[in-house]
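What follows is a set of notes on a single structure, which appears directly below.
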Number of protein chains: 2
Amino acid sequence: MTTRLRAVRPRQPAAVTRKAIHDAAHELFRNEGFDAVGIRAVAARAGVDAALVIRHFGSKEQLFLEAMTVDLPAIKVMEGPLEGMGRAIVEHVVCLPSSRPGALAVTALAALFRASDRGEVQRTLRETIENVFAEPLVRRLEGGDAELRAHLIAAQLGGLLTSMHVVQDPVLLAADRSAVVARYGDSIQRLIDT
Amino acid sequence: MTTRLRAVRPRQPAAVTRKAIHDAAHELFRNEGFDAVGIRAVAARAGVDAALVIRHFGSKEQLFLEAMTVDLPAIKVMEGPLEGMGRAIVEHVVCLPSSRPGALAVTALAALFRASDRGEVQRTLRETIENVFAEPLVRRLEGGDAELRAHLIAAQLGGLLTSMHVVQDPVLLAADRSAVVARYGDSIQRLIDT
DNA sequence: CGGGCTTTGTCAACATTGATGACCAGCGTA
DNA sequence: TACGCTGGTCATCAATGTTGACAAAGCCCG
């Protein structure tokens, strides 16, 4: 009887393979979305067996969440002066050169939006928006209804992000960035000022 | 030899079963999202074999698109006076009693957003937003950059809709509707006026 | 050294999913 | 009656996420 031939793969510490899987997943999910990317594709790219992916992350959905939860660097502009903050924030969301880490974060957030009919994804999305947009704003706004206004601003930012990276509105994509910043920023400013 | 026993289902004209499938799909997809609902579930609800669903609609994605493409009744407010239109539009999107046909349309649009990592869905979403929000606005806006402004308004409306029906921001859901209308509406009004 | 224990990895299956193709039944018409 | 069209069923396919049994490697303790 012939001995079973096993593909032999050198043993590595858990953290290493885990990171390999995480990175592969991040690349693939961010560019192609949640359900266009199979577990076997992630595994192949990481040079790993498909079962290992599940073993390390529990489920595809969990892997997706961990891979897309880039901790957006807190938007510094939100700590600056209230005057002109509207434009500054929009510029931050819209104008990032696509190589910068912030841009990756925006893309990842867009991927979360696109996959939001998974219940767990939806929860993560909600928390992310709260943490990244709404909560930092609440602490800065003056006047009445600060919490409501902060969340409305978050809605507007989500809308812009969604229109550009999910819906991919051709008019917005083709438009002059500075015009977008000026118009949308001023509109947001109304919610900041009141 | 016993003759094969077949589940006999009375023959019906194609349009009838097609509608039955369409309606079942609309109900299920709107409430539970695209990939929580299987073809077999739709078929069961319509009292029909699963293969028939595909036969009539080509694919699950196609069925989803046809089922969620409610022709939103053109938003009449967009034909009214420019003054105060911001609030009027927001009211239309946010305050609908959930029994009215418009509310169904909003829910369906939200389902499209949630499933937007399917390429075809994304395209439909883009066209729907163009037709329902952007294009009617373009024809009304006065002043420079009318097209850009219309699409920015569409982005804001999408943002509000997304925040409430996809992200389900608890602050917005709990907030006083009239406050939301006033604040968000005035913010949009800035883009209408300029 | 050697025997156990945990860690890391592999493989073969499973259930479910969307989708297809062969076939069948009713029915009108030539 | 025979043909063909239309509406419907069933068995089956390939792919998917997931699981469990098992195999090695390293490590600890006698």
Side-chain angles (χ1 to χ4, degrees), chain A residues 1-25 28-29 32-68 115 117-121, chain B residues 1-25 28-29 32-68 115 117-121:
Chain A
M1 156 190 359
T2 66
T3 56
R4 207 71 186 78
L5 187 58
R6 291 218 166 210
V8 60
R9 185 89 43 186
R11 262 174 83 97
Q12 280 175 316
V16 173
T17 44
R18 192 184 156 92
K19 175 155 171 34
I21 295 172
H22 183 282
D23 292 353
L28 292 177
F29 281 142
E32 313 184 22
F34 179 76
D35 60 22
V37 174
I39 270 194
R40 287 163 174 85
V42 174
R45 181 174 184 117
V48 150
D49 188 274
L52 248 167
V53 173
I54 298 290
R55 257 184 148 33
H56 275 293
F57 290 87
S59 72
K60 182 188 172 187
E61 186 166 346
Q62 199 57 40
L63 169 61
F64 178 71
L65 289 180
E66 294 198 28
M68 296 327 259
D117 69 344
R118 308 263 167 182
E120 207 58 29
V121 173
Chain B
M1 153 186 3
T2 66
T3 56
R4 205 75 187 74
L5 188 59
R6 289 214 167 211
V8 60
R9 183 90 43 190
R11 264 174 81 98
Q12 280 176 317
V16 173
T17 44
R18 191 185 156 92
K19 175 155 172 34
I21 295 173
H22 183 284
D23 291 354
L28 292 176
F29 281 141
E32 312 184 24
F34 179 76
D35 60 22
V37 174
I39 269 192
R40 286 163 176 85
V42 174
R45 180 174 185 118
V48 148
D49 188 90
L52 210 60
V53 173
I54 299 289
R55 257 181 145 34
H56 275 294
F57 290 88
S59 72
K60 181 188 173 188
E61 187 167 345
Q62 199 57 40
L63 169 61
F64 177 72
L65 290 180
E66 294 197 27
M68 296 328 257
D117 70 344
R118 308 265 169 181
E120 207 58 28
V121 174

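Remember, it's a predicted structure, so these values are computed and weren't measured experimentally.
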Atom pair CG/CZ of Asp23(B) and Arg18(B) - distance to nearest 0.5 Å:
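Taking CG in Asp23(B) and CZ in Arg18(B), the distance rounds to 11.5 Å.
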
Could you measure the distance from the CG atom of Leu28(A) to the CD1 atom of Ile39(A)? Nearest 0.5 Å is fine.
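Separation between the atoms: 12.0 Å.
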
Rounded to whole angstrom units, what separation is found between the [atom1] atom of [X] and the [atom2] atom of [N]?
X        : N       : atom1 : atom2 : result
His56(A) : dT19(D) : NE2   : P     : 15 Å
Leu52(A) : dT7(C)  : CG    : P     : 15 Å
Arg18(B) : dG8(D)  : CZ    : P     : 13 Å
Phe57(A) : dT19(D) : CZ    : P     : 15 Å
Gln12(A) : dG9(C)  : CD    : P     : 6 Å
Ile21(B) : dT9(D)  : CD1   : C1'   : 13 Å

Would you say a side-chain N or O of Thr17(A) is under 4.0 Å from OP1 or OP2 of dT8(C)?
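The answer is no; no side-chain N or O of Thr17(A) sits under 4.0 Å from OP1 or OP2.
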
Fit a plane to each ring of Phe34(A) and Phe29(A), take the angle between them on a 0 to 90° scale, and name the class: parallel (under 30°), tilted (30 to 60°) or perpendicular (over 60°).
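Taking Phe29(A) first and then Phe34(A), their aromatic rings lie parallel (interplane angle under 30°).
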
Short N-O contact, Asp35(B) and Arg118(A), less than 4.0 angstrom
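Here Asp35(B) pairs with Arg118(A) in a salt bridge, since their nearest N and O are under 4.0 Å apart.
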
Are Leu52(A) and Thr17(A) packed together at the side-chain level, in the sense that at least one heavy-atom pair is separated by less than 4.5 angstrom?
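Not in contact.
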
Can you check each nucleotide of nucleotides 13-20 of chain C against protein heavy atoms at under 4.0 Å and return B for base, S for sugar-phosphate only, - for none, in 5' to 3' order?
B---BBBB

Test log, rule side chain to side chain contact (heavy atoms under 4.5 Å, CB included), inputs Glu66(A) and His56(A):
CA-CA 11 Å; Glu66(A) 294 198 28; His56(A) 275 293; over 6 Å; no

In terms of side-chain heavy atoms of Arg11(B), which of dT9(D), dG9(C), dT6(D) is nearest?
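In terms of side-chain proximity for Arg11(B), the closest of dT9(D), dG9(C), dT6(D) is dT6(D).
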
